[in-house]
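By convention in this document, chain letters (A, B, ...) are assigned in the order of the sequence lines, proteins followed by strands, and residues within each chain are numbered from 1. No experiment lies behind these values; they were computed from the predicted model shown.
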Protein chains: 2
Amino acid sequence: MIRVLLAEDQGMMRGALALLLGMEEDIEVVAQVAAGDEIVPAALTARPDVALLDIELPGRSGLDAAADLRVRCPGCRVLILTTFGRPGYLRRAMEAGAAGFLVKDGPVEELAAAVRRVLAGEKVIDPALAAAALGAGPNPLTARERDVLNAAADGATVADVAARVSLSESTVRNHLSSVIGKTGTRNRMEALRAARRQGWL
Amino acid sequence: MIRVLLAEDQGMMRGALALLLGMEEDIEVVAQVAAGDEIVPAALTARPDVALLDIELPGRSGLDAAADLRVRCPGCRVLILTTFGRPGYLRRAMEAGAAGFLVKDGPVEELAAAVRRVLAGEKVIDPALAAAALGAGPNPLTARERDVLNAAADGATVADVAARVSLSESTVRNHLSSVIGKTGTRNRMEALRAARRQGWL
DNA sequence: CCCCGGGCATGACATTTGTCCTGCCCGGGT
DNA sequence: ACCCGGGCAGGACAAATGTCATGCCCGGGG
């Protein structure tokens, strides 16, 4: 019996996946969580063999939780299941020690198969996605630049961002100008979209 | 046997829902589509009793398709199934003649139940959402303002937008200024977020 | 008939944004 | 000891953005 933990915020999706997986003879869903910060605690009590994690979750990113599971719950394989096949997401997933990376497109049949393959020690990665991730190179943004970009993501003005991250307005503008340069875009809005598309968040 | 058409772009979600609904004794999924512009053709050949439609679909909005089904396929009830419980979406769904409006949170069990209730002639709407939709009032944006805002949604400059919608730059700025005013925001980015949140798109 | 809202357009203006240059501090490599 | 990348900040400048007043045209309603 393969013990599976399921982390997914959309109730209907989570319920449907749980039912589907539960229908397989050799799979058992031993825990379901809807938030990122519930993943590690649930894994510690439920002791799953495979953790099926969404990335965009309330509370905490599935990728962060994956990195934690690596040390807090060794022997528990991580399979990332996400809407977006962003190169940066795949890269971060691999760095976090994930054993597989699935996108929510693609047929349902893939899911149970991927769970079994991951448990068998295989890596499960879409080859096309892998190529894209390798070709795109690593995240060129510095931590500070990501902070500032995130703080500006909701349309905040320079002054707002400066207040949020406790920086001078000049510095904020310098950082923003820098990410605009690195993304090859013309303004923060385009830069934001570009960074998101790459999974640089 | 209730004949159901399923329109949902995410492969895994679509597959999972189809399997779940198919498991009900009285429900049969007679068509599955992944794009908005496939809905009406599929409905015309498959003759479903209930059309379960996502809103955000490639090709065409599920809401537009719903309005079309009203005339092209009368007797076919529409049940909207969407990620976002935006007031404006619900309002538009009702105006398009939908019989129900479900959000993808909430338990899976709701789904089959909603299909049956819709077929029985009931309206299926979350009361809290209905209250929000009524309280929010109608969409204050004019058609042109929506066009311009959409054209600016990807970070395009005023010049870009003007070219896209064939307007003078001055007019574009006037329209943008107007939506900023109507949304009570400070710039186009905030205005965009506000409009999206309301479902005014 | 007149008024009003909507679309379109200009020009003027203040503010914000993005760029560039300079400078300082720090820590890690060579 | 030296350099370099990163973070931080200031100033100066050009370009983009947002506001406002004005004007014109149209169609629908009172």
Atom pairs and distances, donor-acceptor, side-chain atoms in residues 72-87 of chain A, under 3.5 Å, two or more places apart:
unit_1: T82(A); atom_1: OG1; unit_2: F84(A); atom_2: N; d: 3.3
unit_1: T83(A); atom_1: OG1; unit_2: Q10(B); atom_2: NE2; d: 3.3
unit_1: R86(A); atom_1: NE; unit_2: R196(A); atom_2: O; d: 2.9

Taking only side-chain nitrogens and oxygens of R188(B), does any of them come within less than 4.0 Å of OP1 or OP2 of dT17(D)?
yes
Distance-only donor-acceptor test, S177(A) side-chain atoms vs dG18(C) base atoms, 3.5 Å:
no
Rounded to whole angstroms, how far apart are CG on D160(A) and P on dT16(C)?
10 Å
Whether D154(A) and R164(A) form a salt bridge (side-chain N of Lys/Arg under 4.0 Å from carboxylate O of Asp/Glu) is what I want to check.
yes
Please evaluate the base of dG18(C) for a donor-acceptor partner in the side chain of N174(A) within a cut-off of under 3.5 Å?
no
Looking at residues at least two apart in the chain, or sitting in another chain, which of them share a side-chain contact (heavy atoms from CB on, under 4.5 Å) with R197(B)?
A194(B)
With a 4.0 Å cutoff (strictly under), does any side-chain N or O of T171(A) reach OP1 or OP2 of dA9(D)?
yes
Let's see if you can work this out: which of dC8(D), dC8(C), dG10(D) has an atom nearest to the side-chain heavy atoms of L167(B)?
dC8(C)
Is a donor on one side and an acceptor on the other found under 3.5 Å between the side chain of D64(A) and the backbone of R60(A)?
no
Let me know the distance between CG of L141(A) and C1' of dG6(D), rounded to the nearest Å.
14 Å
Quickly work out the R186(B) CZ to dT16(C) P distance and round it to whole Å.
10 Å
Starting at CZ of R173(B) and ending at P of dC20(D), how long is that distance when rounded to a whole Å?
14 Å
Any side-chain N or O of T142(A) below 4.0 angstrom from OP1/OP2 of dG7(D)?
yes
Residue closer to the 5' end of DNA chain C, K182(B) versus N187(A) (nearest nucleotide)
K182(B)
Rounded to whole Å, CD of E169(A) lies from P of dG18(C) at a distance of 13 Å
Taking donor-acceptor contacts at under 3.5 Å, does the side chain of R144(A) reach the base of dG7(D)?
no
Nucleotide dC20(C), atom P - distance to CD1 of I180(A) in whole Å
11 Å
Base, sugar-phosphate, or nothing: which does T157(B) touch, judged by heavy atoms less than 4.0 Å apart?
sugar-phosphate
Just the rounded figure in Å: distance from P of dG6(D) to CZ of R146(A).
12 Å
Pair N174(A)-T171(A), side-chain donor/acceptor within less than 3.5 Å
no
Please report, rounded to the nearest Å, how far the P atom of dT17(D) is from the CG atom of L149(B).
14 Å
